[in-house]
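Just passing along the structure, written as C-alpha cells.
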Amino acid sequence: MSEEKSLNFLEEIVEEDIEAGKYKSIMTRFPPEPNGYLHIGHAKSICLNFGLANKYGGKTNLRFDDTNPVTEDTEYVDSIKADVKWLGFDWEHELYASDYFDKLYEYAINLIKKGLAYVDDSSSEEIAMQKGTPTEAGKENKYRNRSTDENLKLFEEMRDGKYQDGEKVLRAKIDMASPNMHMRDPILYRIKHAHHHRTGDKWVIYPMYDFAHGQSDSIEHITHSICTLEFVPHRQLYDWLIEKLDIFPSKQYEFARLNMTYTVMSKRKLLQLVNEGYVSGWDDPRMPTLSAYRRRGYTPDSIREFCERIGVQKRENLIDVGLLEYCVREHLNKIALRRMVVMDPVKLIITNYPSGKTEELPSENNPEDETAGSRMLPFSAELWIEREDFMEVPAKKWFRLAPGSMVRLKNAYIIKCTEFKKDSAGNIAEIHCEYIPESKSGADTSGINVKGTIHWVSADHALKAEIRLYDRLFKVENPASEEGDFKDYVNADSLHIIKEAIIEPSLISAKAGDKFQFIRKGYFCLDTDSTEDKLVFNRTVTLKDTWAKESKK
RNA sequence: UGGCCUAUAGUAUAAUGGUAGUACGACAGAUUUUGGUUCUGUUUGUCGAGGUUCGAAUCCUCGUAGGCCAACCA
C-alpha cells in the first residue's frame, strides 16, 4: 500500500482535538458576505471547510455574514449558493448572521450590564484620533465611564431610531492602551438607517463583524472556525467576547489566502473590473470567479483537485496559474469529446480524389475513454485545413505540410502536397495534394510512415461557429503588488474572437456547457450566448504546445 | 518606531531531533494517426550568525526579509 498522505496543519489540529476528546464531532462553516461573487480563493476556503468536516465526520454550515446592509444583496446570496453547489458541496444549514440579530442585541445588553460595553457619542474621526497608533497608546474619553443605566438607555434609544447614522456607537470596554489595535475598545454596533435584504427595516443598528462572526460561530457550535490570515489580530477579541459572554467556545484558526499569478483576488477589485467595463460581468470567462470558470468550461472536479494540490499553510503564497490549467487539462483530457475545428482556414484540394464523392470515416470520440464511442466524419476532395499547418519554406524539425511533404489527415488518408497557389497579396490561397488510397485510417496497407497528423473539415459539410479565445486578464504576474493602479496592468488582448471558424457537422447538436477537445487546439465549451442559428464556443484552455516552444528556439 | 504572523528547489508543499521527499515548471529522451496523452531520466532547496545535542530544516538566542494591524468593511 502507498504511504499515508501527510496531514495539513488544520487536519493536525482537528485530529489532536478529537484524540484529546475535546469534541465528539466537528462543525465548520463557510461564511461569505453576500456582497460579491465567489472566486477561486473562496474555493480554497470552501474545500478546506467542507473537506475538513467531511474527513472527520462533521458538518458544515453555509452562513452569510450579512451585517452590512448597504453593500449586500440577494443577487449575491443566490450566486453564492449556486457556486457552492456547483463545486460539489452540500451544507448542513443555510444560515444568516441576520438570523441572530435579536440574540446579538441581547449579548450587547449583557455586556453593558457587566460594565464591559458603553455608548460613545464621538464622531468616527474622534474615535480614530483617540485610538492612537500602533506605536502609541490610545486615550480614554469621557463617555467611557457612563453608568450602566445610562448606557442601557442610550443603546435602547439607538435601537429605537432616536439617533442619526454616526451619532453614536456601542463599544466594548477593554483596553485603550493594548498593543493590539483591535482591543482598543472596538466598535460593536453602529447606526445605519438602511434596508436589510432579509430583516427589512426592523433594525437601524447593525453589529460589526467582530460582534457577529464569533457569536454566530458560537451559536452554531462551530468547533473550528477557519479564516484567512488578516484576521489573526481579531482572534484575541474573538476569544475575549466568547469568554465575557460565557458562550460556546468556538476557536478561530487562520490560513494564508490564495494568490494566483496574473490575477487579482479581491472582491473590491473584481467589482471595479465589472463596473468599469473591463469585463462583461462577474461571469466573464476571463474573471477568476467560480461562475466565470464554470462558463469557461472548467469542471468542479478540476478546481477541487487544484485546491487539494496547492495545500494550505500560514505563509504568503503566489500560486502559478499554470497549476490550475494543468488540473483542468488533466480532467478534460479524460472526459472531453474530440472534435475537428479549423480556426484559420485555408482550402486544400485532393486532386486525385473523385470530386463529388463523399466518404464517411469513423472517428473515435476520445482515445482516453473507449466507452465514449465514435462518430462518422464526412470526407471529400475539398477540405479546410489550418493555415498554420502549411509552410512554404519548412522550418527545422517541421513535420506538417510543405511543398512535396506528406502528412496524415487525422482519421483519413495520407496526402502529399503537390502544388500551392497564392493570392495577389501573396497569401497562400489553395493547396493541392494527392492522397494515397491504401493509407486509409484503420486499413493502412501503404507502409508509409509520416510524422505529422493534421486536422481538417470537409468543405461541403462544414458548419460555422464563433470561437472566443481568452488570454490572461493581466500582463504582470502580480498586479496587486505593482506600482499604481492595478487596472493599468490589464491585458488589452485578453479576448480574441474568431467570427467564423469552420466546425465539423456533429457539433451542431452541442448543448450549452458541453465540453470538447478541438483536436490539436485546446479544450472548448459551448457558451451560454449560443443561439439556434449561432454557436459560440469558449476556449477553456489550450493544449500543451511543445511545437510552439520548439519553434521559438 | 509597538504588537502579531511567516521563512525548505523557479512555484507550492512534506519531512513532527535521525538518509531533505513529492507535485507543477524547466531540460533531455521514448511512445504516439492530436508536436496532446502516457512513460523514463536530469536539474535546482533548508534566509543569516551563534548556541543546545552524538546528531538540527526541526529546539533556543540574536539578526535579516516579507506580510498583517490605526474602516461606524468583512
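All chains are named by letter (A, B, ...) in the order of the sequence lines, taking the proteins before the strands, and each is independently numbered beginning at 1. Computed from heavy atoms alone, side chains included, the values below leave out hydrogens, waters and symmetry copies.
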- Query: Does the side chain of A:Arg235 get closer than 4.0 angstrom to OP1 or OP2 of B:C5 through an N or O atom?
  - Reply: no
- Rounded to the Å, how far apart are A:Arg257 CZ and B:G66 P? 20 Å
- To the nearest 0.5 angstrom, please state how far the CZ atom of A:Arg159 sits from the CG atom of A:Leu170. 13.0 Å
- What integer distance in Å separates A:Leu409:CG from B:U34:P? 13 Å
- Only one of A:Ile385, A:Asp389, A:Val341 passes side chain to side chain contact (heavy atoms under 4.5 Å, CB included) with A:His455, and that residue is A:Asp389
- Query: Within less than 4.0 Å of OP1 or OP2 of B:G35, is there a side-chain N or O belonging to A:Arg520?
  - Reply: yes
- Item | No-hydrogen, no-angle side-chain donor-acceptor test under 3.5 Å, A:Gln252 and A:Tyr238 | no
- Message: Taking any heavy-atom pair under 4.0 Å as a contact, classify A:Val169: base, sugar-phosphate, or nothing.
- Response: base
- Check whether any side-chain N or O of A:Thr67 sits under 4.0 Å from OP1 or OP2 of B:A74, and answer yes or no. yes
- Message: Regarding A:Glu330 and A:Arg309, does a basic nitrogen lie under 4.0 Å from an acidic carboxylate oxygen?
- Response: yes
- Item | 5' priority, RNA chain B, between A:Tyr189 and A:Arg400 [closest heavy atom] | A:Arg400
- Message: Categorize A:Phe231 for me: base, sugar-phosphate, or nothing, with a 4.0 angstrom heavy-atom threshold over every strand shown.
- Response: base
- Query: B:C73 phosphate, OP1 or OP2: any side-chain N/O from A:Lys192 under 4.0 angstrom?
  - Reply: yes
- Task: Could you grab the distance from atom CD1 of A:Ile219 to atom CG of A:Asp99, nearest 0.5 Å is fine?
- Result: 9.5 Å
- Message: For a quick check of understanding: with a heavy-atom distance under 4.0 Å over all strands, which category does A:Gly322 fall into, base, sugar-phosphate or nothing?
- Response: nothing
- Mark this stacking check for A:Trp547 against B:G35 as yes or no, applying ring centres under 5.5 Å and ring planes under 30°. yes
- Note on the structure: In whole angstroms, the gap separating P of B:A71 from CG of A:Asp165 amounts to 19 Å
- Message: Closest-nucleotide mapping onto RNA chain B: is A:Leu323 or A:Asp65 further toward the 5' terminus? I mean the 5' end.
- Response: A:Leu323
- With heavy atoms under 4.0 Å as the rule, sort A:Ile519 into base, sugar-phosphate or nothing. base
- Message: I want to check one thing: is the phosphate of B:A23, taken as OP1 and OP2, less than 4.0 Å away from some side-chain N or O of A:Arg309?
- Response: no
- Whole Å only: how far is the CD atom of A:Glu330 from the C1' atom of B:G25? 15 Å
- Query: Can you find a side chain N or O atom of A:Lys451 that sits less than 4.0 Å from OP1 or OP2 on B:U32?
  - Reply: no
- Any donor-acceptor pair under 3.5 Å between the side chain of A:Gln517 and the base of B:U34? yes
- With sugar-phosphate meaning primed atoms plus P, OP1 and OP2, does A:Asn180 contact a base, only sugar-phosphate, or nothing at under 4.0 Å between heavy atoms? nothing
- Message: Please determine whether a side-chain nitrogen of the Lys or Arg among A:Arg235 and A:Glu254 lies less than 4.0 Å from a carboxylate oxygen of the Asp or Glu.
- Response: yes
- Task: Could you tell me whether the phosphate oxygens of B:C24, OP1 or OP2, come under 4.0 Å of any side-chain nitrogen or oxygen in A:Tyr326?
- Result: yes
- Determine the contact category for A:Gly442: base if any of its heavy atoms lies under 4.0 Å from a base atom, sugar-phosphate if only primed atoms, P, OP1 or OP2 are that close, otherwise nothing. base
- Query: NA contact type, A:Ile414, heavy-atom cut-off 4.0 Å: base, sugar-phosphate, or nothing?
  - Reply: nothing
- Task: May I ask you to verify whether the side chain of A:Gln236 and the base of B:G3 hold a donor-acceptor pair under 3.5 Å?
- Result: no
- OP1 or OP2 of B:C73 sitting under 4.0 Å from any side-chain N/O of A:Arg190? yes
- Complement of B:A70, any strand, by Watson-Crick or G-U distances under 3.5 angstrom: none
- May I have the distance from A:Gln313 (atom CD) to B:U8 (atom P), rounded to whole angstrom? 10 Å
- Query: With a 4.0 Å cut-off on heavy atoms, is A:Lys521 in touch with a base, just the backbone sugar-phosphate, or nothing at all?
  - Reply: nothing
- Is the base of B:U33 touched by the side chain of A:Arg408 through a donor-acceptor pair closer than 3.5 angstrom? yes
- Task: Starting from P on B:U37, measure out to NZ on A:Lys410 and report it in whole angstrom.
- Result: 14 Å
- Item | Closest to the A:Lys314 side chain, choosing from B:A14, B:U6, B:U37 | B:U6
- What is the distance, rounded to the nearest whole Å, between atom CD of A:Gln130 and atom P of B:A70? 17 Å
- Distance only, no hydrogens: is a donor on one side chain within 3.5 Å (strictly under) of an acceptor on the other, for A:Ser439 and A:Arg408? no
- A:Met208, nearest nucleotide to its side chain (from B:U34, B:C73, B:C27): B:C73
- Message: I need the NE2-P distance between A:His182 and B:C73, as an integer number of Å.
- Response: 14 Å
- Message: Does the Lys NZ or Arg CZ of A:Lys168 fall within the cation-pi geometry relative to A:Tyr163 - under 6.0 Å from the ring centre and within 45° of the axis?
- Response: yes
- Message: Give me the distance, rounded to whole Å, that separates B:G3 from B:A12 when you measure between the C1' atoms they each carry.
- Response: 29 Å
- Task: Answer yes or no: side-chain N or O of A:Arg338 and base N or O of B:U34 forming a donor-acceptor pair under 3.5 Å.
- Result: yes
- Query: Considering every strand shown, what is the Watson-Crick or G-U wobble mate of B:U53 when both distances are under 3.5 Å?
  - Reply: none
- Query: Under 4.0 Å between a side-chain N or O of A:Thr546 and OP1 or OP2 of B:G36?
  - Reply: yes
